[in-house]
Amino acid sequence: AERRTRSAGIAVDRGSWVGGEQHRMRLLVLRSAWGLRGLRDAPARTLAGLRSAGFDGLEASLEDLGASAEARAEAVRAARDEGLSLIISAYSSWANYEGPATEQLLSAPSG
């Protein structure tokens, strides 16, 4: 396998052979939706801005993408149109882990 590095940066290219074919690892630079303005209001424009800023994708919760299934689908389409990877954060207890936990969550039996 071939490996190239740059002294001033990150390992840029590292090849591997799987099933007779060479596969290359690629480092993706993703932006967190935390603090990102405009995603819910103008997803196409916001995600185009991420792409032009050099990001390869976005990490976001469902709430970050929109309040409705339609709004979320629009954000997913916009990411796909820009060729951006999208990583969805899923929470099991409450939306985005924001705000206080409810008494029901705190008193749930463990085990």
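Along the sequence shown, residues are numbered consecutively beginning with 1.
A 4.5 Å side-chain heavy-atom check between V76 and E74 finds every atom pair outside the cut-off.
Under the 3.5 Å distance criterion, the side-chain polar atoms of D81 are left unmatched by any main-chain donor or acceptor of A78. Listed for the R80 side chain is no donor-acceptor partner under 3.5 Å among the backbone atoms of L84.
Pairing each heavy atom of G57 with each of L30, the nearest pair is CA-CD2, 3.2 Å.
Here the CG atom belonging to L58 is positioned 7.5 Å from the CD1 atom belonging to I88, to the nearest 0.5 angstrom. Between D64 atom CG and S32 atom OG the span is 7.5 Å, to the nearest 0.5 Å. With values rounded to the nearest 0.5 angstrom, S68 atom OG is found 11.5 Å from L62 atom CG.
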Under 3.5 Å, sequence neighbours excluded: what are the donor-acceptor pairs made by side chains of residues 35-50?
{"unit_1": "R40", "atom_1": "NH1", "unit_2": "E63", "atom_2": "O", "d": "3.2"}
{"unit_1": "T46", "atom_1": "OG1", "unit_2": "G38", "atom_2": "O", "d": "2.9"}
{"unit_1": "T46", "atom_1": "OG1", "unit_2": "A42", "atom_2": "O", "d": "2.9"}

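Ionic pairing of D56 and R31 is not present here: no N-O contact between side-chain nitrogen and carboxylate oxygen is shorter than 4.0 angstrom.
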